There are 2 protein chains.
Amino acid sequence: MIRLLLADDQALVRGALSALLSLESDLEVVAEVGSGDAVLEAVRQHRPDVVLMDVEMPGLDGISATEQVRAAFPGTRVLIVTTFGRPGFLRRAMQAGASGFVVKDTPAAQLADAVRRVHEGLRVVDPVLATDSLVAGESPLTPRETEVLRAARDGSSVAGIASRLFLSEGTVRNHLSAAIGKTQAANRAEAVLTAESNGWL
Amino acid sequence: MIRLLLADDQALVRGALSALLSLESDLEVVAEVGSGDAVLEAVRQHRPDVVLMDVEMPGLDGISATEQVRAAFPGTRVLIVTTFGRPGFLRRAMQAGASGFVVKDTPAAQLADAVRRVHEGLRVVDPVLATDSLVAGESPLTPRETEVLRAARDGSSVAGIASRLFLSEGTVRNHLSAAIGKTQAANRAEAVLTAESNGWL
DNA sequence: TCGGCGCCCTGACAAATGTCATCGGCCCTT
DNA sequence: AAGGGCCGATGACATTTGTCAGGGCGCCGA
């Protein structure tokens with residue numbers, strides 16, 4: 001029996017995945033959690049073999065939760081199951097110690113197999129996404145640029161970003177300008193969009 | 001037996017929901033589709049009692065697909081199952097003839113009940129969302145303002161929007177200014193965000 | 001028929017944004 | 001020790017954006 005932990009913020013999806021995987025005779029869902037913060041504790045309690053982890057979750061995100069799990073329980077494998085095929089997500093997930101990465105529009109029949117492969121110690125990666133990741137490459141943004149761009153996501157003005165980050169307005173404009181250049185965007189909004197779609201934020 | 005059609009672009013979620021609902025002895029998933037365009041034809045072929053419809057789908061969106069179905073097969077009920085609890089979505093869904101509206105973070109156990117209620121002709125609406133919808137109200141934007149704001153989503157400049165919509169730059173700026181005022185935003189980007197989160201785009 | 005509203009346009013203005021050159025400080029690698 | 005990258009800052013500049021006051025057109029309901 002392969003013991004599974006499901007981490008996904010959408011209760012309906014969580015329950016549905018549980019139903020789907022429980023159909024397999026060699027799989028057993030031993031716990032479900034709805035936030036990244038709860039993952040580590042659940043792993044401690046239930047000792048699953050494989051964690052199915054969503055990336056976008058309230059509290060701790062799936063990548064960070066993966067790091068936690070891998071640090072505390074190296075024997076536990078993590079299979080990322082996410083909506084968005086952001087190239088940067090894949091890269092960061094693998095660096096965080098994930099064993100597999102599956103997007104939510106893969107056929108349902110393949111999920112159980114992915115779980116089994118991961119459990120055997122193999123790596124499972126969406127081939128399309130893997131090439132995308134190579135094309136998009138690593139984030140060209142410096143940490144500070146990333147931070148400023150992230151702060152610009154909600155449509156804040158330069159002044160707002162500056163005060164939130166305790167920076168001068170000029171500095172914020174410089175970082176934004178650099179980010180715009182590196183993302184080959186024409187303005188802040190475009191830069192945010194392309195950075196986001198590459199998983200750089 | 002209640003016959004079901006699932007419409008959701010994410011194959012994994014579709015399959016998982018199918019597994020979940022098939023556990024109920026009185027429910028039967030007779031077909032699945034992954035795009036809005038395919039819904040009507042699938043209804044014609046399989047004559048389901050209830051359609052579980054996602055809102056965000058490639059091609060035709062769930063709301064429009066709901067309209068189509070209701071127009072062609074008035075006896076078929078539609079239950080919207082969506083990720084985002086945008087107030088505007090609820091309003092438009094009900095106007096399009098949906099019988100119910102459920103967000104994906106409701107407990108899995110309630111889904112089957114929602115399906116049964118809808119099948120009986122009752123309306124099923126998330127109570128939290130219903131009040132939100134009342135608070136947010138209908139979109140204050142005129143059709144043209146909506147269109148311009150929608151065109152601004154990708155970070156285009158005024159010039160870009162103007163040329164795409166065959167308008168003068170001044171007109172675009174005026175529409176944007178009006179939209180910014182009505183959404184009580186400080187900014188084009190903010191206006192886009194609040195309009196989006198209210199389901200006005 | 002008149003007023004109101006949406007739509008499109010113009011022109012003008014203030015404010016915000018994006019770019020560039022330049023500086024100093026820090027840390028790291030060579 | 002020297003260069004290079006990142007960070008923070010300044011000042012100046014052109015461009016874009018947002019606002020406001022107008023004007024004209026067409027449609028619709030009172």
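A note on names: the letters A, B, ... follow the listed sequences, proteins ahead of strands, and every chain is numbered from 1. Predicted model, so just to flag it, every value in this text is computed and none were measured.
Going from atom NE2 of A:His175 over to atom P of D:dT10 covers 13 Å, rounded to whole Å. The interatomic distance linking A:Glu169 (CD) with D:dA12 (C1') rounds to 15 Å, in whole Å. Going from atom CD of B:Glu190 over to atom P of C:dT17 covers 11 Å, rounded to whole Å. What separates CG of A:Leu167 from P of D:dC6 is a distance of 17 Å, to the nearest Å. Rounded to an integer number of Å, the gap from B:Glu145 CD to D:dT19 P is 12 Å. Atom-to-atom, CD of B:Gln184 to P of D:dT19 comes out at 13 Å; the value is rounded to the nearest Å. Atom CG of B:Leu149 and atom P of D:dG18 are 11 Å apart (whole Å). The interatomic distance linking B:Lys182 (NZ) with D:dT19 (C1') rounds to 15 Å, in whole Å.
The CD atom of B:Glu145 lies 3.5 Å from the NZ atom of B:Lys182; values are rounded to the nearest 0.5 Å.
Distances were taken from every side-chain heavy atom of B:Leu176 (C-beta onward) to each of C:dG18, D:dT17, D:dG18; the shortest belongs to D:dG18. For B:Thr171, the side-chain atoms get nearest to C:dC8 when compared with the rest of D:dT17, C:dC8, D:dA9. In the set C:dT17, C:dC13, C:dC8, C:dC13 carries the atom at the smallest distance from any side-chain atom of B:Arg173.
Between B:Arg86 and B:Glu196 no salt bridge is recorded (no basic side-chain N to carboxylate O distance below 4.0 Å).
A distance-only check finds no donor-acceptor pair linking the side chain of B:Ser177 to the backbone of B:Arg173 [under 3.5 Å]. Put simply, the side chain of A:Arg77 never gets that close to the backbone of A:Val50: no donor and acceptor are under 3.5 Å apart.
Among the atoms of the strands shown, base atoms are found under 4.0 Å from some heavy atom of A:Asn174. Within 4.0 Å of B:Arg144, counting heavy atoms only, lie sugar-phosphate atoms of the nucleic acid but no base atom. When heavy atoms are screened at a 4.0 angstrom cut-off, A:Thr142 is found touching the sugar-phosphate backbone but no base atom.
Positionally, the nearest nucleotide of DNA chain C for B:Phe166 lies more toward the 5' end than for the other of B:Phe166 and A:Gly170.
The 12-atom threshold is not exceeded at CZ of A:Arg117, counting heavy atoms of other residues, nucleotides or ligands nearer than 6.0 Å.
Of the side-chain N and O atoms in A:Ser177, one or more sit less than 4.0 angstrom from OP1 or OP2 of C:dT19.
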